[in-house]
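Side chains included, hydrogens not; waters and symmetry mates left out as well; all remaining heavy atoms used. In this text the structure is predicted, and so the values were computed from the model without any measurement. One-based numbering, in listed order, for ligands and for the atoms of each.
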Amino acid sequence: MTDASLPVLLLNRGGDRRLRAGHSWVFSNEIDVARTPLTGFAAGDPVIIAEAGGRQIGSGYVNPSTLIAARVVDRSGHALDRSLFVHRLNVALALREKLYEAPFYRLVFGESDGLPGLVLDRFGDVLVGQIGTAGMERLRGEIEAAIEKVLKPSALIWKNDSQARELESLDRHVQVALGEHAGPLTVEEGGFHFEVDPLEGQKTGWFYDQRANRDRLAPYVRGARVLDLFSYVGAWGIRAAGFGASQVTCVDSSARAVEATSNNAALNGMAEKVEAVRADAFEFLKQARAERRRWDVVIVDPPAFIKRRKDFKEGSVAYRRINEMAMQVLERDGLLVSCSCSQHMQRDTLLDAINAGARHLDRQAQVLERLQQGPDHPVQAAIPESDYLKGFICRILPS
Ligand code: SAH
């Protein structure tokens, strides 16, 4: 049975529809605030969520000051404690062990693994985690105990520096919670080695979500000049070099990322082929176009331009602009690899942005492949927001 000592959060009539369909979010306007005022809760309080008639749906946690006011964590009557987290970690681990030979992957992908607000990436025996909600933060002790039990990591690093934490009124910090850690980590991908800095890097340090997509470059880049925009530590570019690209230019606005790209190129014996440039991608493209520089393949894998729903319009324009500018430096019959990791952007909207850019330049885009996040970032069928990574490999032809 559910923990009877927990307070109850009552939903409006019909306010349970999304949860019934399998989603785990409750928006504030779905709560019966007359009977269970949100002001009666503190950020992160565990609750039992119940439909208007009183029937319990499950347990989870609440935050009275965020748009997503509550999230369901469990529907089977377990307490939100170490043993539940041990179970969830084991279920998540079983999938990844089936998928990958080596322990390098996203082990927990939030809601999709039944752990809303928690992300855990595995780098061998080091784990790098991110807690994004006040509710998960409250359960942190139980989570750490579960991680220790299931994985016995040499270190667990909390990379709790996301902006989302501010909205949840959580502090931002980076901290080694279990074990000890110093220095960079090494990730292996496609036979290449990349040094990753879990303390100072982007997100957890590495983007496992694009691994399978980077594998798809193989048939397209042999002998090609490749431009990798928003390259971070050079994953796409160096993989392209490995698949036989003749020359690769990686562009990122972060000095640290550019330095890491050069190091990673050298680490893999690709220093001569890979050039790492520190620049704003839009500015770089403007200048490259003015100088009439051209590439056979351009990869556009930017940070989320649409972070919140209200940024949709502005963000969509940015996708359209960057893709159009990328096409302007493409050779005739060139290849555009274009991605969006914006949760609020539908796959079709990205394709529309690519097409609008192509039409404006009097070109046409042939979609050759559709890209999505790897299977260590499972899409929860009931949660469209979990299907966040979209991409296309397009051939760009004169019309
Ligand atoms: N493609 C990478 C991940 C990209 S993360 C991979 O597969 O690993 C986004 C990167 O874009 C970050 O490294 C960030 O420094 C960089 N960035 C953000 N805004 C930028 C801009 N305007 N121009 C160039 N780089 C930018």
key: Student check: side-chain heavy atoms of Arg122 and Arg96 closer than 4.5 Å   =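 When only atoms from C-beta onward are counted, Arg96 and Arg122 do not touch, as no gap falls below 4.5 Å.
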message = Tell me whether the rings of Tyr232 and Phe207 are parallel (<30°), tilted (30 to 60°) or perpendicular (>60°).
response =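 Tyr232 vs Phe207 ring planes: perpendicular.
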Ring centres under 6.0 angstrom apart (Phe194, Trp206) =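 They qualify: ring centres under 6.0 Å apart.
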request  = Please determine if Arg17 forms a cation-pi arrangement with Trp25, meaning its NZ or CZ atom is less than 6.0 Å from the six-membered ring centre and no more than 45° off the ring axis.
outcome  =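 No, Arg17 does not sit over the ring of Trp25.
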ask   = Any cation-pi pair here, Arg211 with Tyr100, using under 6.0 Å and within 45°?
value =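 Arg211 over Tyr100 ring: yes.
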query = Do Asp311 and Lys307 meet the salt-bridge criterion of a basic N to acidic O distance under 4.0 Å?
reply =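 Looking at Lys307 and Asp311, the cut-off is not met.
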Hey, what polar pairs (N/O, under 3.5 Å) does ligand 1 make with protein?
from, atom 1, to, atom 2, distance (Å)
ligand 1, 1 (N), Phe230, O, 3.0
ligand 1, 1 (N), Asp301, OD2, 2.7
ligand 1, 7 (O), Arg214, NH1, 2.7
ligand 1, 7 (O), Trp236, NE1, 3.4
ligand 1, 7 (O), Asp301, OD2, 3.2
ligand 1, 13 (O), Asp252, OD1, 3.4
ligand 1, 13 (O), Asp252, OD2, 2.7
ligand 1, 15 (O), Asp252, OD1, 2.7
ligand 1, 17 (N), Ser253, OG, 3.4
ligand 1, 22 (N), Asp280, OD1, 2.7
ligand 1, 23 (N), Ala281, N, 2.8
ligand 1, 25 (N), Ser253, N, 3.1
ligand 1, 25 (N), Ser253, OG, 3.3

